[in-house]
Engineer: 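Take a look at this one; I'll ask things after.
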Amino acid sequence: MDDFKVQNESVIEPPKKKSYTTLLALLLAAVIAVACGYLGSYLANLQEEEKVMIQKVDVSGTESNVTPAVEVAKTISPTVVSITTEKMTVNNFWFGPQISSGAGSGVIISENGYILTCAHVISGANSIQVTTSDGVVYTATVVGSYEDGDIAVLKIEAEGLQTAVLGDSDKIQLAETVYAVGNPGGTLSGSITDGIISATSRTISISIENEVGPYGLGINNRIVSLDVLQTNAAVSPGNSGGGLFNAQGELIGIVNAKSSGENQEGLGFAIPVNTAQEIAVSLINTGSYTPPNTATDGKGAVLEIAVVEIAPAAAHMNNREPGVYVQSVKEPCVGEKDATQNKELFQKERKIILELYSKSGTFG
């Protein structure tokens, strides 16, 4: 009986060694779980920090290589002015004296008030006013105008003006970034548009309006050819005479025209600043400009032709066909060396012009 008791008690007693093993396993599992959680959190934070650092490096590297357009705008905007003109027509037979207004832009080239603009902006104007970027209005006088190059210089009585930094238009590259600053529409002064250089050399023809013809019959115009830069920066009427600047804020051209053809957008033109500067210096120093002799290099026009445009209403009242009529033909001045050759050429082309005279007739 005692033996059975002892044997029975030894069978039903729980094994103490197995309980210790289970407790140790649970404790080890808890330690591993905490360690894995901490390691995962550390790796996640480390990855986020690395991403932020890479982003900062990319941004700072980009800013160090490109001049912000905002900084360029701050530099070039104060150097461009708005121009408004008034022109009085006194020989209009049908309507009497009339006053017409015009608008354009200009670029300040000296601290004491010399302003570069286009000749067609101030052509025939009786009064000219200039408004600077800070809103101050000045009365301007014409220092000189060279219509064949469409460049004129104005003067206002001012000191301490911010001037444009002149670049080198001979170094302009295709697709170079540019900014056009001007007064589009004559009401939006200080407007800036951007684009690229579409072509570094184009030849265009523009019409310079001189005055209304006798008895108000038509407008006397001169057609001149210009070598210009082409850009797709948006320009509008009123931008003429304004500045075309490069990405460094240097003046590289004087905006003078926009293509007016149907279905043609992004065609703006500017006179290279090297050409404009050459003309402007001569106008300031002498009041006029004489271009280099073009007879020997085959460039430039052989004849100077003045035309008059007859509007339909005026043509009907005078029993004429509306259109453009030849008004005069002038032989250009040439050196003695080329005088004979150009005289012969002039006579040949004048014969063609005289035929146009006989077919169309002239006024005045």
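FYI, side chains are in, hydrogens and waters are out, and symmetry mates aren't considered; it's all heavy atoms of this structure. The structure displayed is predicted, hence computed values, not measured ones.
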Engineer: Closest heavy-atom contact between F269 and L267?
Structural biologist: CE1-O, 3.9 Å
Engineer: What's the spacing between I115 CD1 and I108 CD1 if we round to 0.5 Å?
Structural biologist: 5.5 Å
Engineer: For T85 and A125, work out which heavy atoms get closest and say how close.
Structural biologist: CB-CB, 3.9 Å
Engineer: Using a 3.5 Å distance criterion without hydrogens, assess whether the side chain of T231 forms a donor-acceptor pair with backbone atoms of I196.
Structural biologist: yes
Engineer: Using the side-chain contact (heavy atoms from CB on, under 4.5 Å) rule, pick out the option among P292, P291, P272 that qualifies with E278.
Structural biologist: P292
Engineer: Between CG of L166 and CG of L251, what distance do you get to the nearest 0.5 Å?
Structural biologist: 5.0 Å
Engineer: State, yes or no, whether a side-chain contact exists between Y289 and V153 at a heavy-atom distance under 4.5 Å.
Structural biologist: no
Engineer: Could you check Y179 against L244 for side-chain contact (heavy atoms from CB on, under 4.5 Å), going step by step and ending with a plain yes or no?
Structural biologist: CA-CA 6 Å; Y179 302 94; L244 188 68; over 6 Å; no
Engineer: State which residue, out of V130, V121, V143, fulfils the side-chain contact (heavy atoms from CB on, under 4.5 Å) condition with L154.
Structural biologist: V130
Engineer: Which atoms form the tightest heavy-atom contact between V107 and G243, and what is the distance?
Structural biologist: CG2-N, 3.6 Å
Engineer: Donor-acceptor pair, T193 side chain versus A234 backbone, under 3.5 Å?
Structural biologist: yes
Engineer: Short question: side chain of S189, backbone of S82 - any donor-acceptor pair under 3.5 Å?
Structural biologist: no
Engineer: Show your reasoning for whether side-chain contact (heavy atoms from CB on, under 4.5 Å) applies to I284 and Y114.
Structural biologist: CA-CA 9 Å; I284 293 172; Y114 283 102; 4.0 Å; yes
Engineer: Please name the pair of heavy atoms, one in S282 and one in S288, separated by the smallest distance, quoted to 0.1 Å.
Structural biologist: OG-O, 2.6 Å
Engineer: Please confirm whether the backbone N or O of N239 pairs with a side-chain atom of N183, one donor and one acceptor, at under 3.5 Å?
Structural biologist: no
Engineer: Working note: S191 + L188, criterion side-chain contact (heavy atoms from CB on, under 4.5 Å); need CA distance, chi angles, decisive distance, verdict.
Structural biologist: CA-CA 6 Å; S191 296; L188 303 174; 3.5 Å; yes
Engineer: Tell me whether V181 shares a hydrophobic cluster with I83, the cluster being built from Ile, Leu, Val, Met, Phe, Trp, Tyr side chains joined at under 4.5 Å.
Structural biologist: no
Engineer: Do V72 and F245 have side-chain heavy atoms sitting under 4.5 Å apart?
Structural biologist: no
Engineer: Got a sec, which pairs hit side-chain hydrogen bond (donor to acceptor under 3.5 Å, both in side chains) with one end in residues 150-164, sequence neighbours left out?
Structural biologist: H120-D150
Engineer: CD/E86 to OG/S127 distance, rounded to the nearest 0.5 angstrom?
Structural biologist: 4.0 Å
Engineer: Are any of the side-chain heavy atoms of E147 and S145 separated by less than 4.5 Å?
Structural biologist: yes
Engineer: Let me confirm one number: the CD-CD1 distance from Q173 to I197, rounded to the nearest 0.5 Å.
Structural biologist: 10.5 Å
Engineer: Quick one: do L229 and V178 end up in the same hydrophobic cluster if we chain Ile, Leu, Val, Met, Phe, Trp and Tyr together by side-chain heavy atoms under 4.5 Å apart?
Structural biologist: yes
Engineer: Do V255 and I172 sit in one hydrophobic cluster, given that two such residues count as connected whenever their side-chain heavy atoms are within less than 4.5 Å of each other, even indirectly?
Structural biologist: yes
Engineer: Any chance you could measure Q230, atom CD, to L174, atom CG, to the nearest 0.5 Å?
Structural biologist: 9.5 Å
Engineer: Counting C-beta onward and ignoring hydrogens, is there a side-chain heavy-atom pair between V142 and I122 closer than 4.5 Å?
Structural biologist: yes
Engineer: Can S169 and N274 be said to form a side chain to side chain donor-acceptor pair (under 3.5 Å), step by step?
Structural biologist: CA-CA 6 Å; S169 53; N274 290 7; 3.3 Å; yes
Engineer: Could you check T275 against I254 for side-chain contact (heavy atoms from CB on, under 4.5 Å), going step by step and ending with a plain yes or no?
Structural biologist: CA-CA 10 Å; T275 301; I254 300 298; over 6 Å; no
Engineer: Please determine which of T132, T117, I156, T131 meets the side-chain contact (heavy atoms from CB on, under 4.5 Å) test together with V81.
Structural biologist: T132
Engineer: Where the side chain of T79 meets the backbone of I76, is there a donor-acceptor pair that is under 3.5 Å apart?
Structural biologist: yes
Engineer: Ignoring hydrogens and geometry, is there a side-chain-to-backbone donor-acceptor pair from S77 to A73 under 3.5 Å?
Structural biologist: yes
Engineer: Give, for atom CG of N256 and atom OG of S105, the distance between the pair rounded to the nearest 0.5 Å.
Structural biologist: 12.0 Å
Engineer: Work out which heavy atom in P78 is nearest to a heavy atom in S133; give both atom names and the distance.
Structural biologist: CA-OG, 3.3 Å
Engineer: Under the 3.5 angstrom rule, does the side chain of T286 hit a backbone N or O of L283 as a donor-acceptor pair?
Structural biologist: no
